[in-house]
Amino acid sequence: MRGPIANQRLQQWVDEVVALCQPDEVYWCDGTRAEYERLMAQMVSSGASIPLAKRPDSYLFRSDPSDVARVEARTYISTPSQDDAGPTNNWIAPDELKRTMTGLYDGCMRGRTAYVIPFSMGPLGSPMAKIGVEVTDSPYVVCNMHIMTRVGDRVLEALGADGDFMPCLHSVGAPLGPGEEDALWPCAPMEDKYISHFPDENLIWSYGSGYGGNALLGKKCLALRVASARAHREGWMAEHMLILRLISPEGRRYHIAAAFPSACGKTNLAMIQPTIPGWRAECLGDDIAWMWIGADGRLWAINPEAGFFGVAPGTSYQSNPVAMDTVRANVIFTNCALTDDGDVWWEGMGVPAPAHAVDWRGHDWTPGNAAPAAHPNARFTVPATQCPGISPDWENPEGVPIDVFVFGGRRAGVVPLVTEAFDWDHGVFLGATASSETTAANIGAVGALRRDPFAMQPFCGYNMADYFGHWLTMGDRLGDKAPRIFHVNWFRKLANGEWLWPGYGENSRVLKWICDRVDGRVAAQETAIGYLPRAEDLDLNGVAVPAEHLAELLRVDIAAWRNEIPDIQRHFGQFGARLPQRLHDQVRALEERLANYE
Ligand code: OXD
Ligand code: MN
């Protein structure tokens with residue numbers, strides 16, 4: 001046990017948590033490799049973690065079958081007034097939520113150790129970095145936090161005696177009676193799970209789930225939900241965006257921040273290897289961007305995370321060779337299948353299914369089995385430093401200047417391959433109306449269409465209408481230094497289900513058009529929905545895209561777009577008078593343009 005903590009407020013908060021949760025022991029994490037290995041060894045001996053004979057220093061965990069994804073239905077933004085959480089968030093008044101959760105936390109760590117994890121989101125020393133402290137009773141969470149954030153003594157040193165931190169309380173919600181045997185993946189039933197945010201207090205309380213997005217509180221909870229509310233108050237931005245550097249053959253660097261809903265290929269795009277000769281890419285982040293206006297008036301960005309928590313199924317040497325090389329060793333896998341020779345396997349890995357495996361539930365599995373071997377939301381947790389495509393600037397405390405925003409979603413129809421916004425307000429409209437077919441990253445229906453503004457629907461910690469207003473204000477402040485805004489859709493399909501666009505590395509062809517637009521090197525056609533490339537404007541040398549596919553990818557289907565309007569109005573209608581007038585103006589302008597392009 002360490003001596004007294006210099007930061008009184010931290011010591012006091014930990015004392016309060018310990019008095020409430022009553023763990024058997026309290027352990028302050030130092031963030032060392034030895035600590036990681038010790039905890040992992042304990043989990044191996046309990047059976048919770050399976051070492052992989054075929055992958056050095058790598059482990060497989062199987063979650064409880066009920067605890068496989070984020071639980072949006074049990075996620076709360078608890079502001080004093082419900083209006084401040086807005087119609088897209090679940091809300092319970094802070095007093096009531098704290099009362100309910102205090103009841104659940106009372107004695108919830110009995111039989112367990114409370115781990116205190118001081119962590120930094122953002123490189124220590126960056127003007128943008130924020131310190132959090134997570135108290136958790138899950139050693140799985142500690143090991144994942146080691147990878148996803150910067151953990152330990154160096155954070156306490158940076159915090160000092162009076163530094164500010166965001167308190168993050170997490171329990172799996174499964175106290176142990178004397179002598180009671182632990183579950184391999186302890187968690188609470190769905191109705192007792194709460195993922196709660198008190199944005200006005202920069203406070204997070206999570207109970208009942210061990211799954212990444214619900215339990216690694218630095219990620220979605222702190223770096224998006226609480227940070228977005230804080231960014232609104234303080235005049236910066238916390239976004240669900242990858243950060244990518246593209247380098248032209250001449251050496252010009254373009255920094256792209258791109259927002260896609262969960263499981264829409266964000267990690268693939270973050271690690272893209274351009275197929276166009278001479279173009280290169282470097283990855284700076286795959287999930288979250290924090291951005292602020294620098295002294296030069298431009299928008300600068302850092303990735304607050306230190307690792308990748310990626311979706312495994314579908315990751316292959318075809319879809320994401322860089323990720324495959326990143327996960328060769330030193331990885332925590334969750335809910336993948338286990339092969340008989342001691343490796344992981346998942347659907348879409350690009351190698352034949354093993355003749356026999358143990359599926360994510362721990363059952364025997366053979367090809368032809370109706371259920372998948374890996375859960376569709378199976379994950380890998382891996383340090384960013386292991387990524388062969390990581391940018392030398394990924395930890396630069398000053399960040400990188402953003403040239404371009406890209407929004408996107410998964411739409412089988414209607415939405416073209418790429419569209420450039422007419423101007424900032426139109427770009428905000430594209431972000432605010434972005435939509436996608438739902439995936440397995442959240443528990444719920446898969447394949448239904450939902451509006452997912454800026455890919456922030458599950459992650460915006462305040463009223464989404466005010467968030468739209470914040471984007472408009474940021475554009476006003478950035479003026480002619482504002483990044484240009486584009487919308488992409490890699491997921492167009494023919495009626496027979498065939499993909500229209502090859503995707504993956506070939507997406508660089510769209511990114512090249514975007515970069516050429518930024519520097520005024522290529523033309524575009526003005527359409528009712530924005531600027532689109534003409535077929536000849538895209539560099540398609542070396543890729544076979546049938547002319548009729550290309551025509552469809554770049555077609556603006558006026559009738560289909562008219563059909564979108566009622567849904568956009570319904571979507572905006574939920575915000576009532578709080579929706580900025582400038583977005584109403586955008587709907588009207590779109591209607592008028594659609595009428596003119598009859
Ligand atoms: C994620 C998500 O885990 O968006 O990144 O769900
Ligand atoms: Mn995400």
Side-chain angles (χ1 to χ4, degrees), residues 61 63 67-75 88 121 140-141 144-145 147-149 195 197 206 209-228 237-244 257-271 283-290 301 303-315 320 323 326-327 331-336 346 374-382 384 387 406-410 431 434-446 450 452-461:
F61 288 79
S63 81
D67 200 27
V68 291
R70 289 184 291 99
V71 281
E72 290 174 23
R74 307 292 311 164
T75 299
T88 59
M121 299 311 289
Y140 168 85
V141 166
N144 277 272
M145 288 292 282
I147 296 175
M148 295 305 298
T149 74
I195 318 300
H197 309 74
S206 168
S209 168
Y211 168 79
N214 306 322
L216 312 178
L217 301 185
K219 192 176 180 62
K220 301 301 186 180
C221 299
L222 189 156
L224 285 176
R225 298 196 190 96
V226 171
S228 63
M237 303 170 94
E239 300 296 333
H240 189 203
M241 289 182 173
L242 65 88
I243 311 172
L244 169 69
F260 294 82
S262 309
C264 281
K266 204 144 98 265
T267 303
N268 294 349
L269 185 60
M271 298 180 183
C283 172
L284 289 120
D286 82 327
D287 199 38
I288 300 176
W290 283 357
N303 166 16
E305 300 192 279
F308 305 117
F309 180 63
V311 177
T315 306
N320 194 339
T326 306
V327 301
V331 188
I332 299 176
F333 293 99
T334 306
N335 287 340
C336 298
W346 51 76
H375 187 275
N377 193 37
R379 297 278 176 151
F380 53 79
T381 319
V382 67
C387 173
V406 176
F407 303 127
R410 183 183 285 273
S435 57
S436 194
E437 286 134 24
T438 49
T439 68
N442 167 51
I443 287 181
V446 172
R450 83 164 173 181
D452 189 349
F454 296 84
M456 282 289 277
Q457 168 94 4
F459 307 119
C460 182

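For ligands, and for the atoms within them, numbers begin at 1 and follow the listed sequence.
Side-chain contact, Asn214 with Ser206: no donor N or O sits under 3.5 Å from an acceptor N or O. For the residue pair Tyr211 / Thr334, no side-chain donor-acceptor distance below 3.5 Å is found, with atom types taken as modelled.
Classified by interplanar angle (parallel below 30°, tilted 30° to 60°, perpendicular above 60°), the ring pair His240/Phe459 is perpendicular. The aromatic rings of Phe454 and Phe407 sit perpendicular, their planes meeting at an angle over 60°, well past the 30° parallel limit.
Inter-residue side-chain proximity for Phe380 and Thr315 is flagged as met; some heavy-atom pair is nearer than 4.5 Å.
Counting all heavy atoms, side chain and backbone alike, Cys283 lies closest to Ala270 at CB-O, 3.1 Å.
Within ligand 1, counting atoms from 1 as listed, the ones closer than 4.0 Å to a heavy atom of Lys220 are 1 (C), 2 (C), 3 (O), 4 (O), 5 (O). Under a 4.0 Å criterion applied to the non-hydrogen atoms of His240, ligand 1 contributes the atoms 4 (O). Shown in contact with Asp287 at under 4.0 Å from a heavy atom are these atoms of ligand 1, numbered in order with element: 5 (O).
Counting just the N/O/S atoms of Asp287, the one with the shortest distance to the Mn ion (ligand 2) is named OD1.
Of the heavy atoms in Phe308, none comes closer than 4.0 Å to ligand 1. Contacts between Lys266 and ligand 1, counted as non-hydrogen atom pairs separated by less than 4.0 Å, are absent for every part of the residue. Neither the backbone nor the side chain of Glu305 has a heavy atom within less than 4.0 Å of ligand 1.
Nearest to atom 4 (O) of ligand 1 by heavy-atom distance, out of Ser262, Ala455, Cys264, is Ser262.
Around the Mn ion (ligand 2), the angle linking Lys220 (NZ) with His240 (NE2) is 90°, rounded to 10 degrees.
In summary, Glu239 and Lys266 do not engage in a salt bridge, as defined by a charged side-chain N under 4.0 Å from a carboxylate O.
Where the criterion is an N or O separation shorter than 3.5 Å, residue side chain and backbone included, Lys219 fails it with respect to ligand 1.
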